[in-house]
2 protein chains.
Amino acid sequence: MNVTSKLTAAAERLFDRHGYIATGMDRLTEAAGISSRTLYKHVGSKAALMARVLTERDRRFMARIDVRTIDALFAALEDWVRVEGCRGCLFLRSRAETGGDTPEIAEAVALHKDAFHERVGEVVAMDLGREDPALAAQVVVLFEGATHAAVYRGADAVSAARAAAAVLLERARA
Amino acid sequence: MNVTSKLTAAAERLFDRHGYIATGMDRLTEAAGISSRTLYKHVGSKAALMARVLTERDRRFMARIDVRTIDALFAALEDWVRVEGCRGCLFLRSRAETGGDTPEIAEAVALHKDAFHERVGEVVAMDLGREDPALAAQVVVLFEGATHAAVYRGADAVSAARAAAAVLLERARA
DNA sequence: TGCAATGTAAAACGATCGTTTTACATTGCG
DNA sequence: CGCAATGTAAAACGATCGTTTTACATTGCA
């Protein structure tokens, strides 16, 4: 396994569990089993490391929601929560932690949210047989809400979102 | 205006805009116009200050969502976003920043989320004429989703949630 | 008048931050 | 063989962290 990918994987876990700022470089190098010199040779800075983490997470996330129906979208989120836990959206969290003032992070977050919204639009179009931007916006809200309500309500929040999405889809079909 | 409430108000603004950890005590004392000695006499620690901020915010938030219908709930959120901006839920953010490991903060967040969920249940019961825990869970998800999608989609996210909630309510009535 | 409370300004505390540097070991390829 | 690349360990960088302390000013009340 590559040094960079090992580092990125370890960093994602630590950033996700303890927060971006609260995670020191010592914890990162120790978790990745590398020296700080190697870390800086490879990624340049802590912010750049976070940007890499977000880009990698976006890849994994987008692969998981490569589905054809709205119901499958929420089924994918149920899987995600079961496998990766529910501590809210790492993208929004890292952006908020830095007040949006770290360009590398803010850009990675913006790219992810754009891609996510576009994907939801595609899924809605496939499921409904036509585009429906209003329904897509509602599904985005339900997905985001499930992600964050799951922090304190657990997987039930995802189930609730899934059921609500089914009602909205049924109504859009009529 | 009381020293403590002036400090709490200044701290809420800074914590909300720049994050809990990223905001240093110097910025807080300067914004509140007090010395660090006075700050520590009054609140004891940074974590205790954040807990006070969250408790105060909870009071203000709960007063705003003291409504009788689901639609008014989302109208209140639209007001909140217009007045206070949209940077996500400060409760979840501060909990995530500290990894849930700061008891004073974690407790304030848990209290707020419990109160919020209970309030939504009451509003749903008033609007529908009977209790409906499943609908209440869906409204919670929509509300949380609107709060977080508004970070990157603006007030439109709240409108989408509001419309979706109306559909779910209509369906629950039938 | 004098004491207690409450405040400020500013220095100092040790710890830790992200980052760079120094010095040295290992390895793979010409 | 020898050099370039790539790594480690560890010290050091100046800055900043949350918190405490020292020394002093102001105020309100007995």
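What you are looking at is a predicted structure, and each value in this text was computed from that prediction instead of being measured. Letters A, B, ... mirror the listed sequences (proteins, then strands); counts begin at 1.
Connection of Val151(B) to Leu90(B) is not established within any shared hydrophobic cluster, with ILVMFWY side chains joined at heavy-atom distances below 4.5 Å, either directly or through further cluster members.
One can place CD1 of Ile21(A) at 12 Å from P of dT19(C), the figure rounded to the nearest angstrom. Rounded to whole angstrom, the span from the CG atom of Asp26(B) across to the C1' atom of dC17(D) amounts to 9 Å. Straight-line distance from the CG atom of Leu28(B) to the P atom of dG18(D): 8 Å, rounded to whole Å. One can place OH of Tyr40(B) at 4 Å from P of dT19(D), the figure rounded to the nearest angstrom. If you measure from atom NZ of Lys6(A) to atom C1' of dT6(D), you get 13 Å, rounded to the nearest angstrom. For Met50(A) and dT19(C), the CE to P distance is 13 Å, given to the nearest whole Å. Rounded to whole Å, atom C1' of dA9(D) lies 14 Å from atom CD of Glu30(A). Computed from coordinates, the Leu39(B) CG to dT21(D) P distance equals 16 Å when rounded to whole Å.
Here Ser36(A) lies in heavy-atom contact (under 4.0 Å) with a base. Across all strands, Thr23(B) comes closer than 4.0 Å only to sugar-phosphate atoms, never to a base (heavy-atom distances). In this structure, Gly33(B) reaches the sugar-phosphate backbone alone: every heavy-atom distance under 4.0 Å involves primed, P, OP1 or OP2 atoms, never a base.
When distances run from any side-chain atom of Met25(A) to the nucleotides dT8(D), dT8(C), dT19(C), the shortest one goes to dT19(C). Of the candidate nucleotides dG18(D), dA9(D), dG18(C), dA9(D) has the atom nearest to the side chain of Arg37(A). Side-chain proximity of Lys46(A) to dT19(D), dT8(D), dG18(C): nearest is dG18(C). For Ser35(B), taking side-chain heavy atoms from C-beta onward, the closest of the listed nucleotides dG7(D), dA10(D), dT8(C) is dT8(C).
Each of Leu28(A), Leu49(A), Val53(A) was checked for a side-chain contact (heavy atoms from CB on, under 4.5 Å) with Val43(A), and the lone residue meeting it is Leu49(A).
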Practice prompt. Dot-bracket notation for DNA chain C is requested: 5' to 3', Watson-Crick or G-U wobble pairs only, both distances under 3.5 Å, with ( ), [ ], | and . as defined.
Written response: ||||||||||||.||||.||||||||||||
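Here Phe91(B) and Phe116(B) keep their ring centres 6.0 angstrom or further from each other.
Using a 4.0 Å cut-off, some side-chain N or O of His42(A) falls inside it from OP1 or OP2 of dG7(D).
Within the 4.5 Å cutoff, side-chain heavy atoms of Arg57(B) are placed close to those of Glu84(B). Between Leu168(A) and Leu142(A) there is a side-chain heavy-atom pair separated by less than 4.5 Å. Contact check for Asp66(A) versus Arg119(A): side-chain heavy atoms found under the 4.5 Å cut-off. Looking only at side-chain heavy atoms (C-beta outward), Leu92(A) and Tyr152(B) come within less than 4.5 Å of each other.
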